[in-house]
Amino acid sequence: MPITLYSVSDGPPSLAVQQCLRYLEIDYVLINVDFGIGEHMTKEFEKKNPQKEIPVLDDDGFLLGESNAILQYLADKYPKDQTLYPKEVKERALVNHRLCFNLSTYYRYISEHVMAPIFFDYKRTPLSLKKTYIALENFNIYLKNTGTKYAASDKITIADFQLVTATMCLEAINFDISPYHLVQQWYSTYKREYPELWGLVEAGMKEISAFEKNPPDLSHMIHPIHPIRKN
């Protein structure tokens, strides 16, 4: 049976997994979950993921949530090379660190500043902006310290898939990242060297950009866990 990915078309974690599947040249079935009506909050979807979060991978009945875990699983089970998710302990530790950094800080802060105000009743504030700057500065320092082309090495790793999709959220709202020149250089290099993978991300970015101008109506969402903005 082919792999099935339950995904959101503009969801950064979902797009990170799609990039990995494309890079590894794995055939898969893509099922877009309708976030707008809350398909992920249904009892049916809860059977796939009790957290009711997206993405979810179904590999012949093996169900796995959490995009970081999915990326690690795919890279280990379907290896294409020794660079995407290195086996050497210290090299892998750096990749794992960047995945943790994205989850705890980078995408978290960017999402709070960019995504939450688009989709739910949250505001962009001086604090959310400051935290976004902190995330960018952190990443810029990591790139300076390693002196590598990509986030953890001179080759792309599964960490770059996550960090690229987080960064595209900023581009979607025309956020200027140029003061963080190493981040900007890394981001531009990825686009240039992996145009096919970037194409997946860019499609999601365009959706987010459109929603920034015309926020979606989520008033019919099933059991929302965040306060719904009144349009």
Side-chain angles (χ1 to χ4, degrees), residues 7-19 33 35-36 38 40-41 49 51-56 65-71 96-143 151 158-180 182-184 186-187 201-219 221-231:
S7 174
V8 176
S9 58
D10 61 351
S14 295
L15 293 169
V17 175
Q18 287 189 49
Q19 288 177 88
V33 179
F35 183 86
H40 60 301
M41 300 302 294
N49 185 359
Q51 294 172 252
K52 300 179 180 178
E53 293 179 348
I54 317 162
V56 172
E66 293 291 349
S67 55
N68 281 349
I70 295 171
L71 293 172
N96 288 339
H97 172 271
R98 300 302 188 262
L99 290 170
C100 292
F101 164 67
N102 184 72
L103 181 64
S104 70
T105 303
Y106 195 73
Y107 178 57
R108 176 187 171 188
Y109 290 171
I110 289 172
S111 180
E112 288 173 358
H113 185 70
V114 176
M115 304 292 274
I118 292 176
F119 293 98
F120 296 102
D121 191 20
Y122 295 103
K123 304 295 182 185
R124 289 178 190 150
T125 66
L127 177 59
S128 70
L129 178 61
K130 181 178 180 179
K131 290 166 75 173
T132 300
Y133 287 148
I134 288 171
L136 285 162
E137 180 64 18
N138 289 163
F139 189 21
N140 206 68
I141 291 171
Y142 287 137
L143 289 168
I158 55 175
D160 291 289
F161 298 149
Q162 292 282 35
L163 292 158
V164 162
T165 58
T167 307
M168 73 82 172
C169 297
L170 296 172
E171 185 177 358
I173 64 167
N174 298 313
F175 190 101
D176 182 17
I177 67 170
S178 63
Y180 308 93
L182 293 178
V183 176
Q184 185 178 53
W186 156 83
Y187 189 53
V201 181
E202 185 177 30
M205 183 186 73
K206 289 179 178 179
E207 287 190 42
I208 294 169
S209 184
F211 284 138
E212 166 76 358
K213 299 177 180 65
N214 295 288
D217 180 5
L218 302 181
S219 60
M221 179 179 278
I222 303 166
H223 308 306
I225 60 174
H226 295 283
I228 299 296
R229 182 191 348 89
K230 295 179 175 60
N231 292 329

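These figures come from a predicted structure and were not determined experimentally.
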Go through the steps for Leu129 and Arg124 under the test side chain to side chain contact (heavy atoms under 4.5 Å, CB included), then give the verdict. CA-CA 7 Å; Leu129 178 61; Arg124 289 178 190 150; over 6 Å; no
Which atom names give the shortest non-hydrogen contact between [X] and [Y], and what distance separates them?
{"X": "Gly65", "Y": "Ile70", "answer": "O-CG1, 3.8 Å"}
{"X": "Ser67", "Y": "Val17", "answer": "CB-CG2, 4.1 Å"}
{"X": "Lys123", "Y": "Pro117", "answer": "C-CG, 4.1 Å"}
{"X": "Arg108", "Y": "Ser104", "answer": "CD-O, 3.1 Å"}
{"X": "Thr132", "Y": "His113", "answer": "OG1-CB, 3.3 Å"}
{"X": "Ser14", "Y": "Val8", "answer": "OG-N, 3.1 Å"}

Can you tell me how far apart [atom1] ([X]) and [atom2] ([Y]) are? Round to the nearest 0.5 Å.
{"X": "Ser209", "Y": "Asp10", "atom1": "OG", "atom2": "CG", "answer": "11.5 Å"}
{"X": "Ser9", "Y": "Gln18", "atom1": "OG", "atom2": "CD", "answer": "8.5 Å"}
{"X": "Thr105", "Y": "Ile134", "atom1": "OG1", "atom2": "CD1", "answer": "9.5 Å"}
{"X": "Glu66", "Y": "Leu99", "atom1": "CD", "atom2": "CG", "answer": "11.5 Å"}

Evaluate the side-chain proximity of [Y] to [X]: yes if any heavy-atom separation is below 4.5 Å, no if none is.
{"X": "Tyr109", "Y": "Asn138", "value": "no"}
{"X": "Ile158", "Y": "Gln162", "value": "no"}
{"X": "Tyr187", "Y": "Leu170", "value": "no"}
{"X": "Pro12", "Y": "Met115", "value": "yes"}
{"X": "Met168", "Y": "Ile208", "value": "yes"}
{"X": "Val33", "Y": "Val56", "value": "no"}

Would you sort out whether Val201 and Phe161 count as a side chain to side chain contact (heavy atoms under 4.5 Å, CB included), showing the intermediate values? CA-CA 9 Å; Val201 181; Phe161 298 149; over 6 Å; no
> Should the ring pair Phe175 and Tyr133 be called parallel, tilted or perpendicular, given that the plane angle runs from 0 to 90° and is split at 30 and 60?
Replying inline: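 Taking Tyr133 first and then Phe175, their aromatic rings sit tilted (interplane angle of 30° to 60°).
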- Could you tell me how the ring of Tyr106 sits relative to the ring of Phe101: parallel (under 30°), tilted (30 to 60°) or perpendicular (over 60°)?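 The rings of Tyr106 and Phe101 sit tilted, inter-plane angle from 30° to 60°.
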Return the set of residues passing side chain to side chain donor-acceptor pair (under 3.5 Å) with Asn174 (not counting sequence neighbours), or none when no residue passes.
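Checked Asn174 against side chain to side chain donor-acceptor pair (under 3.5 Å); zero matches.
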For the residue pair Tyr180 and Phe139, is the inter-centroid distance of their aromatic rings smaller than 6.0 Å?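 When the ring centroids of Tyr180 and Phe139 are compared, they turn out to be at least 6.0 Å apart.
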Worksheet item: Quick check: does any side chain N or O of Arg98 sit under 3.5 Å from a backbone N or O of Ala151, one acting as donor and the other as acceptor?
Response: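 Such a contact is found between Arg98 side chain and Ala151 backbone.
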* Do Thr167 side-chain atoms and Leu163 backbone N/O form a donor-acceptor pair below 3.5 Å? ->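 Flag set: sc Thr167 to bb Leu163 pair under 3.5 Å.
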_Residues which pass salt bridge (Lys or Arg N to Asp or Glu O under 4.0 Å) with Glu207, listed by chain and number, not counting sequence neighbours_ =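 Testing Glu207 for salt bridge (Lys or Arg N to Asp or Glu O under 4.0 Å), a comparison that skips the adjacent residues, returns none.
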Output all residues satisfying ring-ring contact (aromatic ring centres under 6.0 Å, His included) with Tyr107, sequence neighbours left out; order by chain, then residue number.
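Here no residue qualifies.
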